[in-house]
Amino acid sequence: NIFAQIPAGYYDAATGTGYTLKQELHDIITNGHVKLPYSATYPTFDVWDAYATTDVYPSPNETKIWDIYSSNSDIYDGLASYYFTIVTDQDPGSGGTVEGDYYNREHTIPNSWWGGTDIFQYSDLHHLYATDKLVNNTRGNYPYGEVSSPTWTSINGSKLGPNSYSGGFTGTAFEPIDKYKGDIARTYFYMATRYKDEIPTWFSSYSATTDVDKVFQSDGDFQPTYFEMLYAWHIADPVSQKEIERNIAIYNTQQKNANPYIDHPSWVECVWKNTCTADITTIALSDIILSPNPAKDYITIESDSRIANYTILNTIGQTVLEKNHIIDNKIEINISNLKSGIYFIRVFNTDAKINIERFIKE
């Protein structure tokens with residue numbers, strides 16, 4: 001469902017700004033959060049079971065794991081070098097010496113940064129992605145960063161090597177491909193909100209032996225330069241349909257909480273930059289003009305701010321056209337290859353505004 005949402009009223013208590021809003025969001029996503037077992041014996045529902053809905057492609061490819069470390073697209077295009085089959089290719093506990101052997105569970109914030117298995121973040125699906133076992137192991141416990149001189153590169157282009165983000169930390173970093181940088185950034189914004197009270201204890205207990213202090217400060221907030229990088233990723237790679245559907249699926253598993261920065265991307269600015277729209281309980285809408293409508297071969301989109309990304313979806317929610325990294329106020333889109341019918345175009349702007357318009361292809 002293109003417009004599927006977290007239940008109405010879920011964010012009603014989020015009325016503040018800045019760090020007041022952060023506390024309100026923390027309370028919302030903490031209350032009702034059910035801790036899933038990391039592994040369990042049937043019939044108990046665990047993380048592996050959740051992946052059957054949270055980390056698979058849409059129908060008719062829902063038997064395939066959607067792995068951000070092997071996929072080279074944020075749609076199912078059949079062009080990745082390999083695809084995992086749910087359950088069949090699940091990590092058996094051994095093997096995984098080459099890419100494409102097995103998928104396992106990736107803590108985007110490494111477990112070693114906080115330790116323990118009986119705490120909520122150990123099995124929190126919002127940062128626990130199904131990923132290629134070898135790539136996951138290669139990433140290890142290194143922070144995410146940007147790498148210009150990689151020492152290792154995965155098949156889909158993810159990189160390991162010295163961090164090259166200007167003004168950032170010194171040391172080894174892991175860089176996902178551009179298609180998934182925004183996903184990672186919004187995952188970290190969620191974690192910094194959901195676990196804001198726990199992060200100072202991670203820092204005090206583990207900073208001497210891990211890289212936690214390269215990402216966070218001792219008060220639990222981000223290192224300023226690290227936030228700048230995540231924010232740049234968030235803007236350059238806006239919320240995708242994949243994220244929306246995964247967020248809904250996580251809520252609808254037994255975990256029962258959501259990532260507010262997927263549902264309301266503008267809250268990133270409100271919490272960390274203190275710049276909020278008048279009504280922060282709704283996604284900031286861009287003013288776009290779509291013409292002509294109906295259209296035969298081309299549509300033109302004009303926006304009040306620069307367009308970063310667009311996605312065109314059919315009436316059953318499948319992506320039929322998309323483009324990233326546009327950075328322009330006016331674009332022309334060739335729709336001549338689309339079948340006649342009704343479509344929706346979702347436009348993201350560089351100021352984190354979003355709009356969805358309906359159009360008819362003749």
Rounded to the nearest 0.5 Å, how far apart are [atom1] of [X] and [atom2] of [Y]?
X	Y	atom1	atom2	result
F169	Y142	CZ	OH	11.0 Å
I299	I331	CD1	CD1	7.5 Å
I250	D124	CD1	CG	7.5 Å
L36	T44	CG	OG1	11.0 Å
E175	S154	CD	OG	10.5 Å
Y231	W272	OH	CH2	12.0 Å

Judged by modelled atom types alone, do [X] and [Y] share a side-chain donor-acceptor pair under 3.5 Å?
X	Y	answer
R346	T319	no
T85	K64	yes
D263	Y10	no
Q23	D27	yes
N309	E322	no
Y11	E24	no
Y144	T108	no
D132	S70	no

Within the 4.5 Å heavy-atom criterion, are [X] and [Y] side-chain neighbours or not?
X	Y	result
Y69	N156	no
H234	E269	yes
I312	F359	yes
N104	N137	yes
N337	L321	no
K242	D183	yes
V56	W66	no
S158	Y180	no

(request) Tell me, with the steps shown, if I65 and D89 meet side chain to side chain contact (heavy atoms under 4.5 Å, CB included). (result) CA-CA 9 Å; I65 285 289; D89 295 324; over 6 Å; no

[X] side chain vs [Y] backbone, donor-acceptor pair below 3.5 Å:
X	Y	answer
N163	T170	no
E245	P58	no
T153	K159	no
S164	S148	yes
R358	I342	no
N136	R105	yes
Y298	S291	no
D237	W233	no
D67	Y103	no
D219	P200	no

(message) Other residues, nucleotides and ligands only: do more than 12 of their heavy atoms fall within 6.0 Å of NZ on K330?
(response) no

Once the angle between the rings of [X] and [Y] is folded into 0 to 90°, is it parallel (under 30°), tilted (30 to 60°) or perpendicular (over 60°)?
X	Y	result
W48	Y51	perpendicular
Y82	F84	perpendicular
H126	Y190	tilted
Y76	Y83	tilted

(message) Assess the residue pair D77 and N72 against the criterion (side chain to side chain contact (heavy atoms under 4.5 Å, CB included)); give the C-alpha distance rounded to whole Å, side-chain angles, the decisive distance to 0.1 Å, and a yes or no.
(response) CA-CA 9 Å; D77 57 11; N72 48 24; 3.9 Å; yes

When clusters are formed by joining ILVMFWY residues with side-chain heavy atoms under 4.5 Å apart, either directly or through shared neighbours, do [X] and [Y] land in the same one?
X	Y	value
F189	F203	no
I68	V147	no
I345	L338	yes
Y57	I244	yes
I199	F222	yes

(request) Can you spot which of I288, N329, I326 makes a side chain to side chain contact (heavy atoms under 4.5 Å, CB included) with I307? (result) I326

(request) Could you tell me which non-hydrogen atom of Y251 sits nearest to which non-hydrogen atom of A258, and how far apart they are? (result)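 Closest heavy-atom pair between Y251 and A258: CD1-N, 4.2 Å.
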
(request) Indicate yes or no: does E362 engage K296 in a salt bridge with an N to O separation below 4.0 Å. (result)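 Salt bridge: no.
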
(message) Given the ring of Y19, does K196 sit roughly above its face, with NZ or CZ under 6.0 Å from the centre of the six-membered ring and within 45° of the axis?
(response) no

(request) May I ask you to check if R246 and Y129 form a cation-pi contact, with NZ or CZ under 6.0 angstrom from the six-membered ring centre and within 45° of the axis? (result)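 The answer is yes, since R246 meets both limits relative to Y129.
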
(request) Only pairs at least two apart or in different chains count here, so list each ring pair (Phe, Tyr, Trp, His ring centres under 6.0 Å) that has a residue in residues 22-43. (result)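 Only H33-F120, Y38-H107, Y38-Y122 qualify under ring pair (Phe, Tyr, Trp, His ring centres under 6.0 Å).
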
(request) Would you check, one step at a time, whether the test side chain to side chain contact (heavy atoms under 4.5 Å, CB included) holds for L134 with T97? (result) CA-CA 6 Å; L134 176 69; T97 57; 5.8 Å; no

(message) Could you check, using the six-membered ring where one of them is a Trp, whether W114 and Y195 have ring centers closer than 6.0 angstrom?
(response)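 No, the ring of W114 stays outside the 6.0 Å limit from the ring of Y195, centre to centre.
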
(request) Check the pair K133, D101 against side chain to side chain contact (heavy atoms under 4.5 Å, CB included), reporting the backbone distance first and the verdict last. (result) CA-CA 7 Å; K133 183 177 181 178; D101 275 356; over 6 Å; no

(request) Would you sort out whether Y261 and W267 count as a ring pair (Phe, Tyr, Trp, His ring centres under 6.0 Å), showing the intermediate values? (result) CA-CA 6 Å; Y261 305 106; W267 278 345; 7.3 Å; no

